[in-house]
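Comments concern the structure below.
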There are 2 protein chains.
Amino acid sequence: MDSKPKRVMAKKKVNIKDVAAKAGVHPSTVSRVLNPDTASMVSRPVAERVTSIASEMGYKRSPMASGLRTGRSYTVGVLIPDLTNPIFPPIVRGIERSLGERGYIAILADSDNNKKDEHAILDSMKSRHVDGLILATAHRKDLAVNTCIDEQIPLVLVNRSIDSHAVTEVINDDEKGISLAIEHLLELGHRSIAYLGGPPDTSTGRDRHQAFKKIMRAHGLEPDPELIVNCAAFTEPEGHLGFLSLLKKHRHFSAVVAANDLLALGCFDALQESELRCPQDISVTGFNDTPFMDRLSPPLTTVQIPLDEMGAKAAQLLLNLIRDPQIDSETIKLKPKLVVRGSTAKPRT
Amino acid sequence: MDSKPKRVMAKKKVNIKDVAAKAGVHPSTVSRVLNPDTASMVSRPVAERVTSIASEMGYKRSPMASGLRTGRSYTVGVLIPDLTNPIFPPIVRGIERSLGERGYIAILADSDNNKKDEHAILDSMKSRHVDGLILATAHRKDLAVNTCIDEQIPLVLVNRSIDSHAVTEVINDDEKGISLAIEHLLELGHRSIAYLGGPPDTSTGRDRHQAFKKIMRAHGLEPDPELIVNCAAFTEPEGHLGFLSLLKKHRHFSAVVAANDLLALGCFDALQESELRCPQDISVTGFNDTPFMDRLSPPLTTVQIPLDEMGAKAAQLLLNLIRDPQIDSETIKLKPKLVVRGSTAKPRT
DNA sequence: TTGTAGGCGTTATCAA
DNA sequence: TTGATAACGCCTACAA
């Protein structure tokens with residue numbers, strides 16, 4: 001009469017009380033046993049019995065309940081500007097692997113490059129009590145990032161940094177990357193090298209641009225402003241437009257350093273349209289080495305970035321930060337390398 | 001004296017009690033106002049006042065607390081076999097967009113094609129009280145899926161189905177896709193067409209294989225078992241091996257239908273190695289139309305699948321299922337279309 | 001070393 | 001229509 005009929009065998013969720021009852025101890029004891037930080041407080045035999053009974057009963061701690069009590073969720077928010085941009089899947093993968101190893105899980109969202117959505121998403125994540133945040137969306141001056149700093153929520157930036165560097169960041173060594181590209185072209189004999197950059201309000205846009213000028217000068221070549229174009233976005237159409245505007249200036253350059261692979265693709269489009277051949281007429285280098293760049297026609301010479309590692313490292317730093325929020329912020333720069341393929345060759349004599 | 005000094009202005013989280021106090025009502029009233037299902041129970045003027053005060057104070061309901069009470073988390077688990085496989089980012093994006101519109105959020109995990117990890121991840125998601133699950137990892141007979149069914153957790157499968165079709169599934173119409181590829185090749189004049197398939201323990205592997213045989217017969221061509229090879233995985237190396245094994249049989253086929261784009265890429269590798277040209281010597285078709293397939297050399301003729309839509313639809317069905325678990329399961333098949341590019345041409349005469 | 005009691009923020013249920 | 005109360009499952013001072 002007091003056993004309600006269930007449709008299926010409804011394995012009732014076992015909670016901490018059930019375990020305590022079966023083990024003949026108080027729920028708080030069970031709690032202590034199962035919590036690594038407090039496990040030492042309880043005697044060896046009791047601890048062992050509780051542990052074995054708990055696993056035997058299939059007990060799982062309820063993160064919601066414990067989170068409500070402790071303010072922790074063992075959950076991390078990951079915000080990406082656009083998951084279909086091929087640099088992000090490897091980063092996300094690295095993040096997840098690293099997080100999973102320590103019992104954390106990722107809430108993933110895609111801001112679609114939209115600042116308004118971004119705030120809404122961050123609010124939603126915060127209201128879910130994420131223990132920390134990994135953002136790949138940062139601009140050089142970024143309100144959302146500053147808000148998180150004010151709120152003292154553990155935070156790590158990947159791929160892009162902010163000007164103040166007031167946060168932990170895991171980024172690429174862009175100066176090194178650009179120098180690899182330029183030096184490769186110089187070795188091939190190029191002297192008139194154009195630069196197709198990204199949006200100046202992102203660190204990757206700005207840093208690569210600065211690096212281009214700096215490295216050129218270091219090699220005794222004064223960069224010609226007419227041979228530098230910064231695109232409004234890191235996309236193929238923008239690269240296309242940017243390259244056309246370079247061409248329009250009627251300059252005789254023999255090579256282009258593009259600030260990412262998609263911009264380089266845009267160059268390919270524009271070259272074809274202009275009946276120029278790559279690499280015979282103009283050499284092109286990319287940046288990132290996203291998937292399939294080795295299969296283009298011609299295969300793209302590009303700067304390879306350890307994306308997986310970038311994600312993994314970011315997750316790791318975030319977990320440290322969650323453990324100890326007092327840790328100083330640092331900017332980690334990963335080393336890129338050059339992958340030489342078919343889109344670069346000696347210039348026409 | 002009773003105001004503790006805080007390092008920074010610590011915007012104390014405002015909770016339902018604060019709102020109630022300021023509005024001069026009981027917390028339950030606030031709860032009712034803010035909950036769409038119960039909002040009708042409260043009088044218009046009170047509701048309006050509460051609403052405005054709540055938003056003015058920046059009140060956000062705590063999903064953890066409300067989840068603890070209601071058993072809901074407004075969170076959905078999404079399990080993907082490998083995020084770096086280019087078909088998944090668009091699917092995930094579709095899922096997230098659809099989820100976000102209804103206040104849900106996705107916990108994403110990557111099983112890395114590993115059944116053991118998969119179980120651990122699912123446990124972790126369940127312990128976080130996800131309200132439902134979207135799985136892209138299903139095999140035709142899938143223990144993990146069956147477990148979820150037993151546990152009566154709302155569940156939707158994407159991209160792949162299970163043999164019993166006992167669950168809601170959003171998949172591609174593979175028979176249609178394969179028929180588009182075959183008919184295109186037939187129109188070009190091919191008669192001897194090989195098939196390079198995927199693992200038979202996945203629905204996509206099996207269905208496309210069956211479809212190949214069926215459609216060939218429907219056109220009066222008995223499929224030659226020697227011209228059919230099923231690969232162990234949907235990967236480029238497997239496609240490479242598979243194609244070589246087709247070649248080894250010394251059959252004179254003029255075209256290959258590959259069961260996905262990565263297998264088709266493997267064909268390209270093997271063709272090059274064998275000094276055969278595509279499409280002059282052998283035409284190749286792919287499946288999925290993942291990014292950059294239009295930029296290969298030659299650009300790949302392939303079957304295009306609405307991946308975004310697949311994800312969005314799955315999320316939508318899952319939310320319906322969460323709302324009403326009694327809804328019957330259904331299998332939704334999305335219509336693919338053929339994208340003709342440079343990897344297919346008339347056979348040599 | 002273990003038990004007790006109170007509360008994290010909400011909402012379901014019952015009473016008014 | 002609104003208010004009071006208890007409970008969701010867990011953790012943590014504090015007491016024993």
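By convention in this document, chain letters (A, B, ...) are assigned in the order of the sequence lines, proteins followed by strands, and residues within each chain are numbered from 1.
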How long is the span from the [atom1] atom in [X] to the [atom2] atom in [Y], to the nearest 0.5 Å?
X	Y	atom1	atom2	result
A:Thr168	A:Gln316	OG1	CD	12.5 Å
A:Ile322	A:Arg72	CD1	CZ	7.0 Å
B:Thr331	B:Glu169	OG1	CD	4.0 Å
A:Ile134	A:Ile91	CD1	CD1	10.5 Å

Integer-rounded Å distance: [N] [atom2] and [X] [atom1]:
X	N	atom1	atom2	answer
B:Asp18	C:dC8	CG	P	11 Å
B:Leu34	C:dG9	CG	C1'	13 Å
B:Asn35	C:dA12	CG	P	7 Å
B:Met57	C:dG9	CE	P	13 Å

Measure all distances between protein nitrogen or oxygen atoms and nitrogen or oxygen atoms of nucleotides 3-5 of chain C, and list the pairs falling under 3.5 Å.
{"residue": "C:dG3", "atom": "OP2", "partner": "A:His26", "partner atom": "N", "Å": "3.1"}
{"residue": "C:dG3", "atom": "OP2", "partner": "A:Thr29", "partner atom": "OG1", "Å": "2.6"}
{"residue": "C:dG3", "atom": "N7", "partner": "A:Arg32", "partner atom": "NH2", "Å": "2.6"}
{"residue": "C:dG3", "atom": "O6", "partner": "A:Arg32", "partner atom": "NH1", "Å": "3.1"}

Please give me every residue in residues 61-69 of chain A whose heavy atoms get under 4.0 Å of an atom in DNA chain D, ordered by residue number.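 Of all residues in residues 61-69 of chain A, the ones placing a heavy atom under 4.0 Å from DNA chain D are A:Arg61, A:Ser62, A:Ala65, A:Ser66, A:Arg69.
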A:Arg97 with B:Asp110: basic N within carboxylate O range, under 4.0 Å: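 Not counted as a salt bridge, because no side-chain N and carboxylate O are separated by less than 4.0 Å.
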Less than 4.0 angstrom from a charged side-chain N to a carboxylate O is my criterion; do A:Arg160 and A:Asp142 meet it?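 Answer for the salt bridge query: no.
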Has B:Lys126 got more than 12 heavy atoms of other residues, nucleotides or ligands less than 6.0 Å from its NZ? yes
If you count every heavy atom of other residues, nucleotides or ligands that lies below 6.0 Å from A:Arg102 atom CZ, does the total exceed 12?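 It does: A:Arg102 CZ has more than 12 such atoms within range.
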For the pair B:Ser98 (side chain) and B:Ala312 (backbone), establish whether a donor and an acceptor sit closer than 3.5 Å, ignoring hydrogens and angles. yes
Under 3.5 Å, is there a donor-acceptor pair between the side chain of B:His26 and the main chain of B:Ser28?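 Checking the backbone N and O of B:Ser28 against the side chain of B:His26, a donor-acceptor pair under 3.5 Å is found.
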Taking 5' to 3' order, which nucleotide of DNA chain D is first and which is last to have an atom within less than 4.0 Å of a heavy atom in chain B? D:dT1 to D:dG9
